[in-house]
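Structure first, commentary second.
Every value quoted in this text rests on a predicted model; they were computed, and no experiment measured them.
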Amino acid sequence: MGVVKSVVLFLLAALTEIGGAWLIWQGLREQRGLLWIGAGVVSLGIYGFVATFQADPNFGRVLAAYGGVFVAGSLLWGVVLDGFRPDRWDVIGALICLVGVGVIMYAPRPS
């Protein structure tokens, strides 16, 4: 159950961080206003707490692994909400990042 919980936390982190950044982008670049920006700031603040619930005690490892989730999640966010169409290099890069997540977080380590 540890890996499942970790993956769920990574997905929640991506939702709050990418979502928060997207809300701020919408507020500023698309002139949707301060309410969107404020919601983005709150979402980014929540993201800061989500990562702390990972079982691994190493900040660097958790954030490095999350970086791969962020890359893949950002491309997916663009597809779903902004009509972005990734090319094969985007997809290959995201898959490489996700392999990195698996290696960094879930590879067996000596105790």
Which atom of Tyr106 lies closest to which atom of Ser6, heavy atoms considered: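 The answer is OH-OG, 2.6 Å.
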
Any idea which heavy atoms bring Gln26 and Trp36 closest together, and the distance?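 So the two residues come closest at CB-CE3, 3.6 Å.
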
Are any non-hydrogen side-chain atoms of [X] and [Y] less than 4.5 angstrom apart?
X: Met105; Y: Gln54; value: yes
X: Leu75; Y: Val91; value: no
X: Leu95; Y: Val99; value: no
X: Leu34; Y: Ile37; value: yes
X: Ile46; Y: Val50; value: yes

Distance check, rounded to the nearest 0.5 Å: [X] atom [atom1] versus [Y] atom [atom2]?
X: Leu63; Y: Asn58; atom1: CG; atom2: CG; value: 11.0 Å
X: Trp22; Y: Glu30; atom1: CH2; atom2: CD; value: 9.0 Å
X: Asp90; Y: Leu76; atom1: CG; atom2: CG; value: 12.5 Å
X: Ile18; Y: Leu44; atom1: CD1; atom2: CG; value: 10.5 Å
X: Leu23; Y: Arg32; atom1: CG; atom2: CZ; value: 9.5 Å

Just wondering, are more than 12 heavy atoms of other shown residues or ligands nearer than 6.0 Å to CH2 in Trp25?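 No, the 6.0 Å shell around CH2 holds no more than 12 heavy atoms from other groups.
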
Would you indicate whether Phe84, at its atom CZ, is surrounded by more than 12 heavy atoms from other residues, nucleotides or ligands within a distance under 6.0 Å?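 Enclosed.
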
Transitively linked via ILVMFWY side-chain contacts under 4.5 Å: [X] with [Y]?
X: Val101; Y: Val103; answer: no
X: Val62; Y: Leu15; answer: yes
X: Ile104; Y: Ile96; answer: no

Main-chain N/O of [Y] paired with [X] side-chain donor or acceptor, under 3.5 Å:
X: Asp87; Y: Trp89; answer: yes
X: Ser74; Y: Phe70; answer: yes
X: Ser43; Y: Thr16; answer: yes

State, without any angle test, whether Trp77 and Asp82 hold a side-chain donor-acceptor pair at a distance under 3.5 Å.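 No, no side-chain donor-acceptor pair sits under 3.5 Å.
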
Between Tyr66 and Tyr47, is the gap from one ring center to the other below 6.0 Å?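 Ring centroids of Tyr66 and Tyr47 are less than 6.0 Å from each other.
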
